[in-house]
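Working notes, beginning with the structure itself.
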Amino acid sequence: MSFLRNAWYVAGWSGDLGTAPRRIRVLGEWIALFRLADGTAAAIGDRCPHRFASLGDGKLVGDSLQCPYHGLRFDRDGRCVHNPHGDGSVPAGSGVRSYPLVERHGALWIWTGEPGRADPAAIPDFARFDDPALAVSRGYLKVTAPYELVTDNLLDLSHAAFLHPFLASPDAADRTRTGVRQEGNTVWSQLWIEREPVTPLFRLVWDHPDDQAEMRSHMRWTAPSSLYLDVGMTPDGIDPDDSPALPSAHLLTPETEGSTHYFWMVGRNRGQADAAIGERIHAGIARAFAEEDEPMIARVAENMDGADFWSLRPMILAGDAAAVRARRILAQMIRAEGATPATPDATRIPAIEGTQHGHHRN
Amino acid sequence: MSFLRNAWYVAGWSGDLGTAPRRIRVLGEWIALFRLADGTAAAIGDRCPHRFASLGDGKLVGDSLQCPYHGLRFDRDGRCVHNPHGDGSVPAGSGVRSYPLVERHGALWIWTGEPGRADPAAIPDFARFDDPALAVSRGYLKVTAPYELVTDNLLDLSHAAFLHPFLASPDAADRTRTGVRQEGNTVWSQLWIEREPVTPLFRLVWDHPDDQAEMRSHMRWTAPSSLYLDVGMTPDGIDPDDSPALPSAHLLTPETEGSTHYFWMVGRNRGQADAAIGERIHAGIARAFAEEDEPMIARVAENMDGADFWSLRPMILAGDAAAVRARRILAQMIRAEGATPATPDATRIPAIEGTQHGHHRN
Amino acid sequence: MSFLRNAWYVAGWSGDLGTAPRRIRVLGEWIALFRLADGTAAAIGDRCPHRFASLGDGKLVGDSLQCPYHGLRFDRDGRCVHNPHGDGSVPAGSGVRSYPLVERHGALWIWTGEPGRADPAAIPDFARFDDPALAVSRGYLKVTAPYELVTDNLLDLSHAAFLHPFLASPDAADRTRTGVRQEGNTVWSQLWIEREPVTPLFRLVWDHPDDQAEMRSHMRWTAPSSLYLDVGMTPDGIDPDDSPALPSAHLLTPETEGSTHYFWMVGRNRGQADAAIGERIHAGIARAFAEEDEPMIARVAENMDGADFWSLRPMILAGDAAAVRARRILAQMIRAEGATPATPDATRIPAIEGTQHGHHRN
Ligand code: FES
Ligand code: FES
Ligand code: FES
């Protein structure tokens, strides 16, 4: 397995990064996150080049991050800008890598590839969650499995009938139609379920006399691992746009080859001002992810025991079409990336080009 | 190290497999255990061929096991017999391996080798525990050590004097005679201890005025790892067959190369109807195994640190004769098996030969 | 990484080895420690040559250590001197390695190299802690990091200003002068801090009206990993020898390549009879080591992820001079040792030369 490096990944929710720095592992690399005095978020390599302490465990001094071990300070570009010891000089070329970082849709998007290719326009569109007509709740889950298995899970929602009593009816498979759509490198996995009894989740926002409706559940995948779910239940004779909808985002960031940061958010177009409804939706979804999906996906990873997915000759069912397409697109993108000149290696190449002259403390 | 594959191993106690399926790892392979509607026990490969969920975590639907992830169903032969999605067709050759399984002496015996060679007559004889004159109690322990080290422990019971105050006197070594007997591939390790004070274990069933007796402790080993212990204390002038006896079975199933399922049962020919006596015998033995044997054997495994037993040049004492014979017989059997055509590999060769035509849901 | 084998390492505090044997891992090898009837401490290989149980889990019988599994007994030279089974004979050459052991300065010093080269005169000098004018307290900490990283920590005490509010002022770097001295294979790392406010640690023993003083903090390193810290605060116009001093020893013993036994002791030349002061000094230092140094050093080890120190091209600051010298001296000593005939290998070569004749129990 390998990662797509020239891509935007979510490194955290904006609201979770305050004045205290944080550290997070992304694509196997530890990254320090912090905010400048004016609130701008920044991301630099976590490992201090002096004695390898974690900058993300340090503290902010003005606009720079101070190493917790011997106090060197680094700016948002990863440059060492202060040495408190001796004559205060800083050896030329001292620094760590810095990562392009953009705040959007309430998330911190980090670019793990070549800095020069980081284009914020390539961040997948989740503008729906910026719409004030929607109340949004955000969550996080660590999944002990490769991110591809989480993508598989999300692109085949037929599992909901078997795994998630809160989200689907056990006999939904009998009333389900599926479809797959591909637009460039975007894949849609679509489910329509006829005469679906209002699910326990939708009951929390239900305001129509019918107790069943047409359910749509359309998952959009954008490479490498950002997913958007348009889910709604539409009673007979009602416009889908006016019906209850609970769209969600599923933002997967590989932590290592065997573990995944799963950032999710869910919006509601009913009871937006009712905090209790928001909490019940959040709790129900969080429980389904943490107690039903995560153990299942972790078990699958355990059962695969590190083997390559295709080498295990998975049985392919109709519902797998979208997941298979996504896997193929991603594999192709990763291969293409491998063919281009190598991306910078944080370990060997200091982020700072050229020579920085030693400077003195004042 | 390697395993003898063409052999019967205990995969569980009959009484522990009810209507809920279970999963157990045997010789490194995960196996799903379940019962058909009529109670017949069955064993099939645990890993669903679709997306690799665990069938043993699923549920029974009629005579088949339903995968907990997307609902495929498998019968006792490992065939996929139901696909709830789309047109319900099942790709040809879809299935998992199935394992011959026999219920006998209260245990589920599984055959891990070539199915065609599975002969129930080869299950070692533990008929003594079917005798209604004996009350039997069953237990289980996971041992963090290769099964060979548990066999070593059991074939040299001279350790009881040093490790198990409940089972032997600390000075028993001075009064002990030993013997080894081999009958084909069966090895007996025999101890006779003269003037042994009635042990705390035997005191629970003691009904004779003497407070010491001749103790016999005869362990029978059948390859690969089924052991039977005929243990009794015979007061002077009494027929051994009429004396208190607490025979036990020690059924070792390799879980992985470094861990062992230890199924044990103990019978008593005194106080059979007295549940309190049964509980005290069970508790005393369970404690000796869990708190004295297991930590010792696990420590030995740790001290060996993965090295081959013989490469460490173990010092050989008189009491090791039986264990050494058993090791030699087993090594020879494993070598012989390696020379025959390979056993089926659950990962690569589907259990289902020929072509199964897709079928439709009704 | 590798270890210097021909060296003295601390295997424990004298006061912690009573009548119960102990086991400790040193340089990757498990060692059993015990005391003879007259109190003499002894160290032999922990792994019983019979079935590989741990002798350090056994019990003392007279002057020998009895294996907890089948009762073989070993003397201080590692010779098997008693077999309780059969005719009691002991196969020739049966035994384990024995290690030279010396008790000095309250510690058990073990020699891990060639026994013939063990010279007690080579034990580093910590006689200051034997001086009755000093009250001494001893502690222990397991560090999850290679011992070299603990040495680095100790030889660059400039980190105290950033990591240890109990031990230094946060702005101490501005008032610090440093020096390095080398005498043969001994390295001194010296810090002088002007106008240092009396630290919380020194406040516990402070008896002078001034609330600041010149602080000296001189760390002596002796290969491979014994460190002595001469630390004191001297008010203006007072003789340093009459000023409050809290000298300490930092005795590092590699447990494995990735973990370190950290034995430390601290003396005080004030309030020697006041147990409460002793306890507060002990608690404050123990907390700084366990809650500030250990997590930092463990994090550094984690961030290095097994890579060679120099391969990571550490940035070198003025304060690193001593640590870098120590690393170079040690690397040279380890290389030199590798060029000499190999040290005995406990696993393959029995410690007992020649042939020991079987003997009988009486
Ligand atoms: S490790 Fe960061 S300043 Fe020393
Ligand atoms: S993993 Fe078993 S049905 Fe999908
Ligand atoms: S293992 Fe030590 S006597 Fe058997």
Side-chain angles (χ1 to χ4, degrees), chain A residues 145-146 148-165 168-180 189 191 193 291-321 323-324 327, chain B residues 21 23-25 28-32 45-59 61 65-74 78-97 256 345-352 356 358-362:
Chain A
E148 293 97 324
L149 295 182
V150 189
T151 303
D152 282 349
N153 172 282
L154 291 162
L155 283 177
D156 180 5
L157 291 182
S158 76
H159 77 269
F162 297 92
L163 200 55
H164 302 307
S169 306
D171 64 347
D174 292 338
R175 293 174 276 101
T176 298
R177 271 182 312 125
T178 62
V180 178
S189 173
L191 252 68
I193 312 178
E291 297 176 17
E292 292 161 356
D293 281 315
E294 202 284 333
M296 177 61 72
I297 299 169
R299 169 60 51 82
V300 166
E302 199 183 301
N303 284 346
M304 292 178 66
D305 197 21
D308 171 73
F309 179 75
W310 295 109
S311 79
L312 296 177
R313 299 211 247 140
M315 186 173 159
I316 303 296
L317 303 180
D320 295 321
V324 167
R327 279 187 174 268
Chain B
R23 58 198 294 270
I24 185 173
R25 195 170 194 185
E29 292 170 17
W30 281 101
I31 292 167
D46 176 65
R47 194 175 71 190
C48 180
H50 175 230
R51 278 296 179 279
F52 316 128
S54 281
L55 300 178
D57 288 340
K59 65 175 185 183
V61 179
L65 191 49
Q66 174 173 297
C67 178
Y69 204 174
H70 312 91
L72 291 176
R73 295 185 198 152
F74 299 83
R79 264 188 298 259
C80 180
V81 293
H82 182 73
N83 170 10
H85 306 289
D87 66 1
S89 67
V90 173
S94 303
V96 293
R97 178 173 176 182
T256 64
D345 177 333
T347 313
R348 307 235 200 88
I349 304 171
I352 317 307
Q356 183 188 351
H359 68 140
H360 293 260
R361 290 179 296 158
N362 36 2

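Each chain gets a letter, A, B and so on, in the order its sequence line appears, and its residues count up from 1.
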request  = Check Leu317(A) against Pro91(B) and note the closest heavy-atom contact, atom names and distance.
outcome  = CD2-CD, 4.3 Å

query = Where is the tightest heavy-atom contact between Pro84(B) and Ala173(A), given as atom of each residue plus distance?
reply =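 Taking Pro84(B) first and Ala173(A) second, the nearest heavy atoms are O-CB, 3.6 Å.
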
key: Asn153(A) versus chain B, the contacting section by heavy-atom distance below 4.5 Å   =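 Both backbone and side chain.
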
request  = Please flag which part of Thr176(A) lies under 4.5 Å from any non-hydrogen atom of chain B: side chain, backbone, both or neither.
outcome  = neither

Closest-packed option against chain A by number of heavy-atom pairs under 4.5 Å, given Cys67(B), Cys48(B), Pro49(B) = Pro49(B)

Is any side-chain heavy atom of [Y] closer than 4.5 Å to one of [X]?
X         : Y         : result
Asn303(A) : Ser54(B)  : yes
Phe52(B)  : Glu302(A) : no
Leu312(A) : Arg47(B)  : yes
Asp156(A) : His85(B)  : no

key: Interatomic distance, Tyr69(B) atom OH to Asp293(A) atom CG [nearest 0.5 angstrom]   =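 If we round to the nearest 0.5 Å, Tyr69(B):OH and Asp293(A):CG are 6.5 Å apart.
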
inquiry  = Between Met315(A) and Leu72(B), does the side-chain contact (heavy atoms from CB on, under 4.5 Å) criterion hold? Intermediate values first, please.
reply    = CA-CA 11 Å; Met315(A) 186 173 159; Leu72(B) 291 176; 3.6 Å; yes

inquiry  = Does any backbone or side-chain atom of Arg25(B) lie under 4.5 Å from a heavy atom of chain A? Answer side chain, backbone, both or neither.
reply    = neither

query = Taking Ala160(A), Pro314(A), Ala161(A) one by one, which has the highest count of heavy-atom pairs under 4.5 Å against chain B?
reply = Pro314(A)

remark   = Assert top hit (heavy-atom pairs under 4.5 Å, partner chain B, pool Met304(A), Glu292(A), Met296(A)) equals Met296(A)

Residues Phe162(A), Gln66(B); criterion side-chain contact (heavy atoms from CB on, under 4.5 Å); working and verdict = CA-CA 10 Å; Phe162(A) 297 92; Gln66(B) 174 173 297; 3.6 Å; yes

